[in-house]
Amino acid sequence: MSDQYRTISRQYSAARGDDHTNFLETPTVESVLGDLSGASAIDYACGTGHYSRLLKRLGAKNVLGVDLSSAMIDVARHEELQNPLGVAYEVGDAAAMAVLGAFDVATAAFLFNYAEDEQTLAQMFRSVAANVIADGRLVAVVPNPDFINGRDDTLPYGFFLEEIGDGPRSLRIRMSFVGDEKFSIQFTQWSRRAYEDALTQAGFADAEWTPFAVSKEGIERYGQTFWNAILANPKSVVLSARKKPA
């Protein structure tokens, strides 16, 4: 995979601190993960370490964050130096099938959408499976397969998404961030069937799709009406599964 974050790591890190991440995405992921006391965890596509640090706060005894972007890993390591939690970080390609350990839990926020073809998507899931113990869990954040692109009701949340290509089981998307610093990224919006087929081929079972829910803090700050558009047309969802015993 190419590293499209090499020159925008700072901007993307700031964008990941937005209201959508803080009041929708992160609370939902935290709810799905639950108590991780004593668990070992690997965080794929860790970026600057947002979920790596969450895994530690939820009780994981050791956490490894992995990202293709060396610029992102540099930021994550700097944050670890400034606010140490005991998280280790490593530069790595999730499609490369490297075995980094035997983990109870794997997280992958916006990893699988960077597969540009189904072969790479399958490789990513197999790579994750190779690092998860039997009955271990995968908790991923993925673009909602049913999301309707091109609507400007996402602008209050700081982004706009448009289709720039399509395939048999996917759409190619450009996501433009419209905050103080404007930039864009590209990714693939895979179908549910594409995800579930790749999960099964990699040895995962019991796939569950969990929609985002607004946290109490999000409603208190903005009111329910503010969130109605993104709840009616959710940009992302949590996809979780269990690795089947061999």
Side-chain angles (χ1 to χ4, degrees), residues 1-2 4 20-21 24-25 28-29 31-33 42-47 51 66 68 93-97 103 105-151 153-154 159-175 185-213 229-246:
M1 295 185 296
S2 61
Q4 63 179 303
H20 184 275
T21 301
L24 279 172
E25 179 188 318
T28 305
V29 171
S31 176
V32 173
L33 284 169
I42 184 168
D43 181 24
Y44 284 96
C46 69
Y51 283 115
V66 181
L68 176 67
D93 186 346
M97 296 292 290
F103 297 89
V105 178
T107 50
F110 303 112
L111 165 66
F112 302 112
N113 48 289
Y114 290 111
E116 296 185 8
D117 54 60
E118 292 201 42
Q119 179 180 1
T120 304
L121 182 66
Q123 288 175 343
M124 286 180 173
F125 277 104
R126 288 196 298 268
S127 179
V128 173
N131 288 280
V132 175
I133 65 170
D135 286 321
R137 292 190 297 152
L138 166 63
V139 177
V141 180
V142 301
N144 176 18
D146 304 317
F147 181 76
I148 302 171
N149 295 283
R151 290 169 38 164
D153 56 8
T154 61
F159 49 80
F160 178 77
L161 295 95
E162 58 190 323
E163 297 175 16
I164 56 175
D166 59 26
R169 303 207 292 181
S170 66
L171 297 171
R172 191 67 181 164
I173 305 299
R174 178 187 294 115
M175 181 177 184
I185 59 175
Q186 296 182 17
F187 60 83
T188 304
Q189 180 179 321
W190 290 102
S191 69
R192 288 176 186 263
R193 184 63 181 271
Y195 277 123
E196 291 174 355
D197 284 352
L199 277 168
T200 299
Q201 292 166 16
F204 287 101
D206 304 329
E208 293 187 18
W209 298 86
T210 305
F212 288 176
I230 199 66
L231 292 174
N233 184 31
K235 177 181 74 69
S236 312
V237 293
V238 175
L239 172 61
S240 57
R242 174 186 58 84
K243 184 178 175 182
K244 295 186 295 185

Practice prompt. Would you give the length of the straight line joining atom CG of L121 to atom CZ of R169, rounded to the nearest 0.5 angstrom?
Written response: 8.5 Å
Worksheet item: Out of curiosity, N113 CG to E116 CD, how far, rounded to the nearest 0.5 Å?
Response: 11.0 Å
Discussion item. Does E163 have more than 12 heavy atoms from other residues, nucleotides or ligands lying within 6.0 Å of its CD?
Written reply: yes
Practice prompt. Measure across W190 and P145 and return the closest heavy-atom pair with its distance rounded to 0.1 Å.
Written response: O-CB, 3.4 Å
Response to the item:
Value for OG1 (T188) from CG (D117), rounded to nearest 0.5 Å, stands at 8.5 Å
Discussion item. Would you say that F204 contacts L239 through its side chain, given a criterion of any heavy-atom pair below 4.5 Å between the two side chains?
Written reply: no
Worksheet item: Which distance, rounded to the nearest 0.5 Å, do you find between the CG of N233 and the OG1 of T154?
Response: 8.5 Å
Worksheet item: Looking just at side-chain N and O atoms, do T200 and D197 make a donor-acceptor pair shorter than 3.5 Å?
Response: no
Practice prompt. Before giving the answer on side-chain contact (heavy atoms from CB on, under 4.5 Å), spell out for V132 and L138 the whole-Å C-alpha distance, their side-chain angles and the decisive distance to 0.1 Å.
Written response: CA-CA 8 Å; V132 175; L138 166 63; 5.8 Å; no
Worksheet item: Aromatic rings F125 and Y195: how do their planes relate, parallel, tilted or perpendicular, breaks at 30° and 60°?
Response: perpendicular
Item to complete: Indicate yes or no: at least one non-hydrogen side-chain atom of W209 is less than 4.5 angstrom from one of V142.
Response: yes
Practice prompt. Can you tell me which residue pairs pass the salt bridge (Lys or Arg N to Asp or Glu O under 4.0 Å) test with a partner in residues 126-141, sequence neighbours excluded?
Written response: D135-R242
Fill in: 4.5 Å side-chain heavy-atom contact, F187 and L161
yes
Worksheet item: Roughly how far apart are M124 CE and Y44 OH, rounded to 0.5 Å?
Response: 11.0 Å
Item to complete: Using modelled atom types only, decide if a donor and an acceptor are shared between the side chain of N131 and the backbone of S127 within a distance under 3.5 Å.
Response: yes
Worksheet item: Does T107 use its side chain to pair, donor to acceptor, with the backbone of V139 at less than 3.5 Å?
Response: no
Discussion item. What I want to find out is whether R192 reaches D146 closely enough, with some N-O distance under 4.0 Å, to be called a salt bridge.
Written reply: yes
Worksheet item: Do the side chain of K243 and the main chain of A129 share a donor and acceptor less than 3.5 angstrom apart?
Response: yes
